[in-house]
Amino acid sequence: MLRHTPASPLLSLPGAVPAEAPDEGVAAHYGDLFREQRALADGSGFVDLSHRGVVTVTGAERLSWLHLLLTQHVSDLAPGHATEALILSAHGHIEHAVYLVDDGETTWMHAEPGSQEALIAYLESMKFFYRVEVADRTDEIAVVHLPAGSITEAPQNAVVRETAHGRDLFLPRTDLESFAAAKGPAVGVLALEALRVEAHRPRLGLETDHRTIPHELGWIGTAVHLQKGCYRGQETVARVHNLGKPPRRLVFLHLDGSEVHLPPHGTPVRLASDGEEGRQLGFITTSARHHELGPIALALVKRNVPVDAPLTAGGTAAAQETVVEP
């Protein structure tokens with residue numbers, strides 16, 4: 001069972017509406033979803049991600065040890081340089097996605113809400129003789145996201161993970177309310193999710209299921225390094241990359257804007273020409289209402305679905321854009 005952190009104190013801010021799974025504990029929005037999206041797109045505000053799991057690894061051998069376990073090349077990870085990585089099963093299926101930065105003494109990572117206990121259990125099982133210490137810091141450290149283009153200064157006591165999509169701050173949880181008062185406005189996770197879908201960025205547990213491999217989601221290159229040494233699941237990664245194609249592929253969908261309801265996660269995707277009685281070819285992974293594009297979604301479909309074929313998701317017409325080539 002996943003262990004979720006206590007509800008964020010920022011849920012007491014005016015207009016805050018609690019988010020649903022998998023983002024319980026923080027705000028979905030603060031009363032105006034599109035205004036919040038526009039703020040993020042313009043580089044304003046921040047997103048409370050204090051529900052995410054926070055794990056640290058310390059010790060002189062931390063990077064060389066993590067290099068053996070992760071899909072990413074981290075043995076020479078420079079202080080302050082952000083990266084992301086996966087942990088795979090022996091068969092190459094995705095089990096964890098982690099978002100890392102090293103400060104020269106400690107490797108910081110955040111992961112999906114409630115997943116930190118399973119992540120730590122795996123890391124602890126792989127310590128062997130390595131001089132490393134793994135710690136769950138979720139109860140004391142909160143993650144806060146600043147969008148790309150933000151001129152907000154990070155507090156001196158925060159660890160910063162900077163990417164092209166913005167900055168993730170590892171902030172003492174006790175400072176969360178004072179940070180919000182000084183650095184607002186607060187933006188809900190639904191706005192961040194809409195921009196994530198627009199950017200075609202996968203998320204563990206939404207774009208993945210028990211058999212997802214990295215190639216299906218476009219995680220090769222961003223979270224998987226193809227020239228590094230062995231790690232669990234590496235044989236599958238190499239075999240599919242060199243000799244074959246993944247069985248499914250991620251697509252971006254423009255949904256019919258006349259529909260009132262968005263198709264939820266798991267909604268079957270079919271060829272529009274086959275109607276709702278046709279064969280299921282995939283499923284909706286995340287849907288969102290975008291402030292400019294209207295209703296949009298990501299979906300995982302069979303590789304051989306024609307890239308120009310009109311689709312339907314739960315009765316909603318959908319035009320696809322290619323994310324992962326067939």
A.B. asks: Does the His215 side chain pair with the main chain of Val237, one donor and one acceptor, at a distance under 3.5 Å?
C.D. replies: yes
A.B. asks: What's the spacing between Leu68 CG and Tyr130 OH if we round to 0.5 Å?
C.D. replies: 4.5 Å
A.B. asks: Checking side-chain polar atoms at under 3.5 Å, does Thr286 have a donor or acceptor matched by the opposite partner on Arg196?
C.D. replies: yes
A.B. asks: Output, in order, the C-alpha distance, side-chain angles, deciding distance and verdict of ring pair (Phe, Tyr, Trp, His ring centres under 6.0 Å) for His210 and His93.
C.D. replies: CA-CA 7 Å; His210 66 283; His93 301 135; 7.4 Å; no
A.B. asks: Take a 6.0 Å sphere around CD of Gln280 and say whether it holds more than 12 heavy atoms from other residues, nucleotides or ligands.
C.D. replies: yes
A.B. asks: Can you sort out the partners of Glu140 under side chain to side chain contact (heavy atoms under 4.5 Å, CB included), two or more places apart, ordered by chain and number?
C.D. replies: Arg137
A.B. asks: Determine whether Trp219 and Ile213 make a side-chain contact, defined as any pair of heavy atoms from C-beta on separated by less than 4.5 Å.
C.D. replies: no
A.B. asks: Would one find more than 12 heavy atoms of other residues, nucleotides or ligands at under 6.0 Å from atom NZ of Lys127?
C.D. replies: yes
A.B. asks: Does His265 reach the main-chain N or O of Thr285 with its side chain, forming a donor-acceptor pair under 3.5 Å?
C.D. replies: yes
A.B. asks: Testing the basics here: between Ser50 and Asp48, what is the closest heavy-atom pair and its distance to 0.1 Å?
C.D. replies: OG-OD1, 2.7 Å
A.B. asks: Provide the closest heavy-atom pair for Leu195 versus Ala41 in the form atom of the first, atom of the second, distance.
C.D. replies: CD1-N, 4.1 Å
A.B. asks: May I have the step-by-step check of side-chain contact (heavy atoms from CB on, under 4.5 Å) for Leu123 and Trp65, ending in yes or no?
C.D. replies: CA-CA 10 Å; Leu123 294 176; Trp65 174 68; 3.8 Å; yes
A.B. asks: Taking the side chain from Ser89 and the backbone from His91, do they hold a donor-acceptor pair closer than 3.5 Å?
C.D. replies: yes
A.B. asks: Do Leu226 and Ile220 touch side chain to side chain, with heavy atoms closer than 4.5 Å?
C.D. replies: yes
A.B. asks: If every non-hydrogen atom of Ala297 is compared with every non-hydrogen atom of Leu255, which pair is closest and at what distance?
C.D. replies: CB-CD1, 4.0 Å
A.B. asks: Let me see the working for His67 and Lys228 under side-chain contact (heavy atoms from CB on, under 4.5 Å), right down to the final yes or no.
C.D. replies: CA-CA 9 Å; His67 186 78; Lys228 63 163 289 186; 3.9 Å; yes
A.B. asks: Counting neighbours of CD on Glu124 that are heavy atoms of other residues, nucleotides or ligands and sit closer than 6.0 Å, is the number greater than 12?
C.D. replies: yes
A.B. asks: Report yes if some heavy atom in the side chain of Leu119 is under 4.5 Å from a heavy atom in the side chain of Met109; otherwise report no.
C.D. replies: yes
A.B. asks: Distance from Leu169 atom CG to Leu176 atom CG, nearest 0.5 Å?
C.D. replies: 10.5 Å
A.B. asks: Any chance you could lay out the side-chain contact (heavy atoms from CB on, under 4.5 Å) test for Leu171 and Asn157, step after step, and finish with the verdict?
C.D. replies: CA-CA 7 Å; Leu171 185 74; Asn157 61 344; 4.2 Å; yes
A.B. asks: Side chains of Asp42 and Ser44: do they bring a donor and an acceptor to under 3.5 Å?
C.D. replies: no
A.B. asks: Heavy-atom count check: over 12 atoms from other residues, nucleotides or ligands less than 6.0 Å from Ile151 CD1?
C.D. replies: no
A.B. asks: Check the orientation of Phe46 and Phe179. Use parallel for under 30°, tilted for 30 to 60°, and perpendicular for over 60°.
C.D. replies: perpendicular
A.B. asks: What are the two closest heavy atoms between Leu253 and Ala299, and how far apart are they?
C.D. replies: CD1-CB, 3.8 Å
A.B. asks: Quick one: which of Arg303, Arg248, Lys245 gives a salt bridge (Lys or Arg N to Asp or Glu O under 4.0 Å) with Glu216?
C.D. replies: Arg248
A.B. asks: Using the rule given for side-chain contact (heavy atoms from CB on, under 4.5 Å), can you reason through Thr107 versus Leu63, listing the C-alpha separation, both sets of side-chain angles and the distance that settles it, and then say yes or no?
C.D. replies: CA-CA 8 Å; Thr107 300; Leu63 292 177; 3.5 Å; yes
A.B. asks: Leu206 and Glu193: which non-hydrogen atoms are nearest, and at how many Å?
C.D. replies: CD1-OE1, 3.7 Å
A.B. asks: Please say yes or no: joined through hydrophobic side-chain contacts below 4.5 Å, possibly via intermediate residues, are Tyr30 and Leu11 part of one cluster?
C.D. replies: no
A.B. asks: Under 4.0 Å between a side-chain nitrogen and a carboxylate oxygen: does that hold for Arg203 and Glu112?
C.D. replies: yes
A.B. asks: Do Glu36 and His29 have a side chain donor and acceptor closer than 3.5 Å?
C.D. replies: no
A.B. asks: Please report the closest heavy-atom contact between Arg52 and Ala111, naming both atoms and the distance.
C.D. replies: NH2-C, 3.2 Å
A.B. asks: Do Pro202 and Thr208 have side chains that get closer than 4.5 Å, going by heavy atoms?
C.D. replies: no
A.B. asks: State, yes or no, whether a side-chain contact exists between Val159 and Arg161 at a heavy-atom distance under 4.5 Å.
C.D. replies: no
A.B. asks: Any donor-acceptor pair under 3.5 Å linking the side-chain atoms of His254 with those of Glu321?
C.D. replies: yes
A.B. asks: Does any non-hydrogen side-chain atom of Val323 lie less than 4.5 Å from one of Arg249?
C.D. replies: no
A.B. asks: Over 60° means perpendicular and under 30° means parallel, so tell me whether Phe252 and His200 are parallel, tilted or perpendicular.
C.D. replies: tilted
A.B. asks: Would you say the side-chain atoms of Thr71 pair up with the backbone N or O of Leu86, donor to acceptor, closer than 3.5 Å?
C.D. replies: yes
A.B. asks: If we check side chain to side chain contact (heavy atoms under 4.5 Å, CB included) with Arg173, which of these qualifies: Ile141, Thr138, Asp139?
C.D. replies: Thr138
A.B. asks: For atom CD of Glu276, decide whether the heavy atoms of other residues, nucleotides or ligands shown that lie under 6.0 angstrom number more than 12.
C.D. replies: yes
A.B. asks: Do Thr316 and Asp256 have a side chain donor and acceptor closer than 3.5 Å?
C.D. replies: no
A.B. asks: Would you say the side-chain atoms of His81 and Asp102 include a donor-acceptor pair closer than 3.5 Å?
C.D. replies: no
A.B. asks: Could you tell me whether the side chain of Glu84 reaches within less than 4.5 Å of the side chain of Thr222, counting heavy atoms only?
C.D. replies: yes
A.B. asks: Do Gln72 and His225 have side chains that approach each other closer than 4.5 Å (heavy atoms only, starting at C-beta)?
C.D. replies: yes
A.B. asks: Will you find, in the side chains of Thr212 and Asp209, an N or O donor that is under 3.5 Å from an N or O acceptor?
C.D. replies: yes
